[in-house]
Amino acid sequence: MSNYLEGLNVPQRIAVEHRDGPIMIIAGAGSGKTKVLTTRIAHLMKNGVDAFNILALTFTNKAAAEMKERVEKALGNSEARNLYIGTFHSIFARILRVEAPKLGYPANFTIYDTDDAKGVIRDIVKEMNLDDKHYKPAYIINRISAAKNGLIGPEEYRKDTHIQTEDAKSNRHRMSDIYDAYASRCFKNGAMDFDDLLFKMHVLLHTFPDVLAKYQHRFHYILIDEYQDTNAAQYAIIKMLGAVRENICVVGDDAQSIYSFRGATVQNILQFQDDYDDVKVVKLEQNYRSTQTIINVANNVIGNNQKQIPKELWTDNKEGDKIVLARTMTDNDEGRFVADAIKEQQMRNHYANKDFAILYRTNAQSRAFEESLRRMNIPYKLFGGVSFYQRKEVKDYLAYLRLIVNTRDEENLKRIINVPARGIGNTSIMKLVAAANEYGKTVWELIEQGSGNAKVDNFVQMIKGFQSMLQTKNAYDLAFAVGKYSGLVQELYNDKTVEGLARYENVQELLNSIKEFTETPDEEGEILDKSLGSYLQQISLQTDVENNKDEDMDVVKLMTIHSAKGLEFPCVFSVGLEETLFPSSMSLYDRAGLEEERRLFYVAITRARERLWITYANSRYRFGTLVQNDESRFVQEIPLAFIDKTFSGLSNKPGSNNGPAKGVSGMLNQNFDKVPSLKKLADKLASTTATQKVHTPSADFTADDVADMNIGMKVEHQKFGFGTILTLEGGPNNRIASIDFGAGHGVKKIMLNYAKLKIVK
DNA sequence: GAGCGATTAATTTTT
DNA sequence: TTAATCGCTC
């Protein structure tokens, strides 16, 4: 294809043709960012740059796969295969496989996912005799993760006064010790967690100048996608790798920065121009994706953020329909509404299933949509959520495979030494671990030559048997043997419950995927490694089995907004627009958090090409109980002129204000009359929403301890204001209080676990 | 040590 | 609500 430059607009073309030196592309949503990146790569290759010298880093496997495919298409030959295109994690993992011995890790190191990492933490906390209610694994792993992403190792952590004060404040004085123990345990196990792939990569380049030089000379051109989502570690690595040639091309959009919880900082965009002389800056502001209405809505919403790089997204596309705002009674009604709307659109406008996406804030929201879609026989597919590889039976199976490849890994050994049950209980395992620690050995080293326990010895012999097949058998044959001789498959087969059947099927699917891996034909000129080690390496960074294939299956797609980034759909449902859900209650405390939620909403809106629905429910089930939520503040940031209010409970007449809905007249109410409790709830809502005023919390508002609250106490609620506790019910952990908030809000039942209340003295 | 009910904790987002 | 952990009994 020689005319690949045609069809680019002016700034796009400048970005593609800029050859040497740093360039930053600020690319608005739908402005052809991927097109620019892929065309740029193709252009470099057309002009004599060897594919082996180009490194392109993305954030998701999906984005990497798409980029590779599109470069291939643009080039029309198979050269693209030689490009280094992948996620930060996968490319660095690949490099670390080669260089790991320099850091004292085995080349076939295990990659721990978050569950594995939590398991290690849990063990450590237990061994240190700490309270795991206070030292929660999830909290600890987040903290360690943040440290690593900020390039802070255990030693620096201990020395950092700011961190130390924080830990002291939260009364977690042993954090440094835990981090220490965690790092050395991972090392001893020959394992790296996700963050290590960045952290150790940095250590590697930092410690070994020759290694750094090697990769600096390998990668002549570096391209970074979604640059606004890079963290300090990624930033430092890119800077080092690109330091010699400075041929760094970063593409990003500060308005779509949604990964600060992973340490990402928009600062990296601002910093870029300071780091290099003569940075070429290109702005892509023309949107080719969405209707004018959708762009208008997006611009209005994001305009409420204070922090942003000035730019104006515009489009030549047609105006399009108004967006539909729908308010429903419950989350189930919301599900029904969406399924109905999909059916209706399919009849009226002939959309296919795959033209629809349902985007939510949290994975837990998918249930209601799944049910309603299933009921209406609309095929759908869930992306993300609990990944296939996280299922217990799959993890057990994989633990065998990982142990066979890397016997240093104590976590996997402990996981499966008694799965299926073979009479090696917890007490025995603890003894083994203690003994191993005493001799400074790994558990495997300890039992390898015989342990004096027949059951353990049998297990060792079995694993050794599998190991002997490593050289001669491919991944599938070996995995099959493992399933057969370990008794894993038999055990699942014997379980005839519904869940057991599903587990059996999952294991079969795992085997299928291994088979597919082994049977993928070698491409021309290269012989792919079909060993078990190679397979494990490939899947450990994969989030879902069928991420890559089935892309074009004609199904409605359900996913979080986070995983929808970079994608587009003709019709988008952005659902669950409720306070405490979206924006999430976790983000309400500071402006930065709230602005990130707003950017997330911006991302959701800008996924839509033609039609957009925004929905929310008055009440929804959370933890099995019905809770009420207010309309999200983000909904109120959309000008009325762009909204079709038929289902919103608002008047469709122009000129009415855009406050919270005033009544139930236009509300969706299927099943409504049949369910008295819902009717009551609606009446209550109708009577309270009209007068509801949002309370502004006192300046010194802090949540007090639930345990200290008693009947008769005066308390302050962030939204409902001041009230008196009338009754208390439920156990210490799900205590529910009835609180009289006076005229404005009346008596409310508040789950104390949830709500933040301040005791008024 | 295994198996079964009972209890309880979790929900932000991802590699 | 659900998945994981706890604790009791055999």
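As a basis for the values below, the full set of heavy atoms in this structure was taken, side chains included, without hydrogen atoms, waters or symmetry mates.
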Tell me if the centroids of the rings in A:Tyr259 and A:His562 come within less than 6.0 Å of each other.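 Between A:Tyr259 and A:His562, the centre distance is under 6.0 Å.
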
Under 6.0 Å between ring centres, would you say that holds for A:His89 and A:Phe59?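 Between A:Phe59 and A:His89, which both carry aromatic rings, the centre distance is not below 6.0 Å.
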
Without decimals, in angstroms, what is the distance between [X] [atom1] and [N] [atom2]?
X	N	atom1	atom2	result
A:Asp195	B:dT14	CG	C1'	11 Å
A:Arg415	C:dA4	CZ	P	9 Å
A:Leu581	B:dT13	CG	C1'	12 Å
A:Tyr389	B:dT15	OH	P	13 Å
A:Ile258	B:dT15	CD1	C1'	14 Å
A:Asp113	B:dT13	CG	P	15 Å
A:Arg94	B:dT15	CZ	P	19 Å
A:Lys565	B:dT12	NZ	P	20 Å

What does [X] touch in the nucleic acid at a heavy-atom separation under 4.0 angstrom: a base, only the sugar-phosphate, or nothing?
X	value
A:Tyr259	sugar-phosphate
A:Lys136	sugar-phosphate
A:Arg122	sugar-phosphate
A:Asn418	sugar-phosphate
A:Gly425	sugar-phosphate
A:Ser587	nothing
A:Phe88	nothing

Look at the side chain of [X] and decide which nucleotide, out of [options], has an atom nearest to it.
X	options	answer
A:Thr60	B:dT12, B:dT15, B:dT11	B:dT15
A:Arg622	B:dA2, B:dT11, B:dT13	B:dT11
A:Phe623	B:dT15, B:dT11, B:dT12	B:dT11

Identify, between A:Lys392 and A:Gly624, the residue whose nearest nucleotide on DNA chain C lies closer to the 5' end.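 In this pair, the answer is A:Gly624.
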
Starting at the 5' end of DNA chain C and moving along, which residue's nearest nucleotide shows up first, A:Gln390 or A:Arg367?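 The residue closer to the strand's 5' end, by nearest nucleotide, is A:Arg367.
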
Does the side chain of [Y] come within less than 4.5 Å of [X]'s, by heavy atoms?
X	Y	value
A:Leu223	A:Leu57	no
A:Tyr535	A:Ser513	yes
A:Gln228	A:Arg599	no

What integer number of Å spans the C1' atoms of C:dC6 and B:dT11?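 C:dC6 and B:dT11 have their C1' atoms separated by 23 Å.
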
For the P atoms, the ones on B:dT13 and on C:dA4, what distance do you get once it is rounded to whole angstrom?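 That atom pair is separated by 16 Å.
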
Between [X] and [N], does any side-chain N or O lie under 4.0 Å from OP1 or OP2?
X	N	value
A:Ser428	B:dG1	yes
A:Thr427	B:dG1	yes
A:Asn363	B:dT14	yes

Given the structure, check if the side chain of A:Thr114 and the base of B:dT15 hold any donor-acceptor pair shorter than 3.5 Å.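 Side chain to base: pair present.
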
A:Phe261 aromatic ring stacked with six-membered ring of B:dT13, 5.5 Å and 30°: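 Here A:Phe261 meets both the 5.5 Å and the 30° conditions.
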
Hey, are A:Lys307 and A:Glu595 close enough for a salt bridge, meaning a charged N less than 4.0 Å from a carboxylate O?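 Salt bridge absent between A:Lys307 and A:Glu595.
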
Axial cation check for A:Tyr112 ring with A:Arg402, 6.0 Å and 45° limits: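 Verdict for A:Tyr112: no cation-pi partner in A:Arg402.
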
Return the 5'-most residue of the pair A:Glu597, A:Thr87 with respect to DNA chain B, ranking by each residue's nearest nucleotide.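 First, find each residue's nearest nucleotide; the 5'-ward one identifies A:Glu597.
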
Assign each of A:Thr560 and A:Lys455 to its nearest nucleotide of DNA chain B by heavy atoms, then name whichever residue's nucleotide is nearer the 5' end.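 It is A:Lys455 whose nearest nucleotide is closer to the 5' end.
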
